[in-house]
Amino acid sequence: MTAPHTSVFTPMAAELPPNLTTDTVRSLNADLADDHVATLTGKDEAELAAIAAEARSHGIPLSIVVVPGNPGHDSSLRDLATEVGKTQHGTVVVFSDDWIGTYSDTISRVRLEWAEDAAKYRQGDSGEAASIFAARLESPESVSWTAMTCALLAGTLAAIAGLYWLKARRPQADGHVSADRVLPEDESPDVRAV
């Protein structure tokens with residue numbers, strides 16, 4: 001039995017984590033206005049506010065949201081971060097007990113995912129997770145992808161030029177007379193060696 005193709009390739013609808021409504025998102029946005037930290041868990045915001053302030057001092061406009069438990073899908077946290085990011089701008093990170101969702105209008109998705117990977121699975125210690133996440137964002141990129149792309153492109157062009165040069169210098173195949181070859185007087189250019 002085959003699966004219908006329409007159901008296999010249909011994208012999932014974006015949804016907020018369970019028990020969060022648009023009113024909750026509005027209250028999160030209002031809570032983020034003072035210190036760029038909002039928690040629904042009742043945890044102390046002081047440590048997270050210090051992490052957000054330090055990231056902002058390094059040029060990363062970071063806002064931190066902490067929600068209780070883990071939603072059914074970790075993509076719900078990204079959806080919440082995107083929803084909050086519509087009004088906050090900059091970089092929004094949403095922590096649950098073990099997962100992280102992010103949104104940024106200034107940092108690439110690859111860099112966000114790299115920072116997320118190190119900060120996941122901290123068993124609800126959002127302070128440690130936020131600290132690791134911010135440290136990864138603040139660290140310089142280890143590889144300049146622009147420089148690597150330029151080097152690969154230059155290497156490819158050099159290889160093509162080298163192959164063209166070799167082809168131009170290659171002796172002609174048997175049966176063809178080179179233009180600079182001197183023929184004996186009794187041999188015509190049409191005579192082929194057998």
Side-chain angles (χ1 to χ4, degrees), residues 10-149:
T10 306
M12 291 179 46
E15 60 181 39
L16 297 175
N19 302 325
L20 292 181
T21 63
T22 54
D23 291 335
T24 310
V25 172
R26 274 192 232 113
S27 69
L28 287 173
N29 280 322
D31 194 13
L32 286 168
D34 58 349
D35 60 358
H36 305 287
V37 175
T39 63
L40 298 176
T41 60
K43 291 183 179 182
D44 183 29
E45 294 183 8
E47 180 184 10
L48 297 173
I51 293 168
E54 182 181 347
R56 286 180 174 275
S57 71
H58 287 104
I60 300 170
L62 183 64
S63 297
I64 300 172
V65 176
V66 180
V67 297
N70 288 321
H73 296 284
D74 60 345
S75 60
S76 297
L77 296 176
R78 183 187 291 182
D79 296 338
L80 176 59
T82 302
E83 197 64 35
V84 171
K86 289 178 182 176
T87 57
Q88 290 301 315
H89 306 293
T91 302
V92 178
V93 59
V94 178
F95 295 101
S96 69
D97 288 347
D98 292 319
W99 296 333
I100 300 172
T102 56
Y103 165 83
S104 182
D105 55 11
T106 57
I107 299 172
S108 71
R109 171 60 44 198
V110 172
R111 193 153 171 84
L112 288 174
E113 297 284 343
W114 177 69
E116 279 182 34
D117 290 343
K120 287 181 180 177
Y121 306 110
R122 300 293 167 188
Q123 287 79 32
D125 188 354
S126 53
E128 179 186 4
S131 178
I132 292 169
F133 181 81
R136 281 273 181 119
L137 289 182
E138 291 169 1
S139 67
E141 286 191 45
S142 59
V143 175
S144 171
W145 294 107
T146 302
M148 184 175 287
T149 302

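Atom set for the values below is all heavy atoms of this structure, side chains included, hydrogens, waters and symmetry mates excluded.
- Listed by chain and number, the residues in a side chain to side chain donor-acceptor pair (under 3.5 Å) with E54 amount to none (sequence neighbours excluded).
- Under the rule for a side chain to side chain contact (heavy atoms under 4.5 Å, CB included), the partners of S131 that lie at least two apart in sequence or sit in another chain are I51.
- Between W99 and P71, the closest side-chain pair of non-hydrogen atoms falls below 4.5 Å.
- Separation of atoms CG (D79) and OG (S75) is listed at 5.5 Å; rounding is to 0.5 Å.
- Here the side chains of V25 and T87 are not in contact, with every heavy-atom distance at 4.5 Å or above.
- In terms of heavy atoms, S126 sits closest to F95 at CB-CB, 4.4 Å.
- The side-chain contact (heavy atoms from CB on, under 4.5 Å) test with S63 is passed by exactly one of V93, N29, L32: L32.
- The side chain to side chain donor-acceptor pair (under 3.5 Å) check on T106 picks up S104, with sequence neighbours excluded.
- Between the side chain of R56 and the backbone N or O of L62 there is at least one donor-acceptor pair closer than 3.5 Å.
- Take T82 and apply the side chain to side chain donor-acceptor pair (under 3.5 Å) test, not counting sequence neighbours, and it matches no residue.
- Pairs passing the salt bridge (charged side-chain N to carboxylate O under 4.0 Å, His left out) check and including a residue from residues 97-107, sequence neighbours excluded, do not occur.
- Within the structure, salt bridge (charged side-chain N to carboxylate O under 4.0 Å, His left out) contacts touching residues 16-33 (residues at least two apart or in different chains) are D23-R26.
- Residues forming a salt bridge (charged side-chain N to carboxylate O under 4.0 Å, His left out) with K86 (at least two apart in sequence, or on another chain): E83.
- Residue A38 comes nearest to L28 through the heavy atom pair CB-CD2, 3.7 Å, listed as atom of the first residue, atom of the second, then distance.
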Worksheet item: Does the pair L80 and V67 meet the rule for a side-chain contact (heavy atoms from CB on, under 4.5 Å), with working shown?
Response: CA-CA 10 Å; L80 176 59; V67 297; 3.9 Å; yes
Could you pull out every donor-acceptor pair under 3.5 Å between side chains of residues 114-121 and any protein atom, sequence neighbours left out?
residue: E116; atom: OE2; partner: T102; partner atom: OG1; Å: 2.5

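- Under the rule for a side chain to side chain contact (heavy atoms under 4.5 Å, CB included), the partners of R122 that lie at least two apart in sequence or sit in another chain are D125, E128, A129, I132.
- Partners of S144 under the side chain to side chain contact (heavy atoms under 4.5 Å, CB included) rule, at least two apart in sequence or in another chain, are T146, A147.
- With values rounded to the nearest 0.5 angstrom, T91 atom OG1 is found 10.5 Å from R111 atom CZ.
- Applying the side chain to side chain contact (heavy atoms under 4.5 Å, CB included) criterion to A49, with sequence neighbours excluded, gives D35, V37.
- Within the 4.5 Å cutoff, side-chain heavy atoms of T39 are placed close to those of L48.
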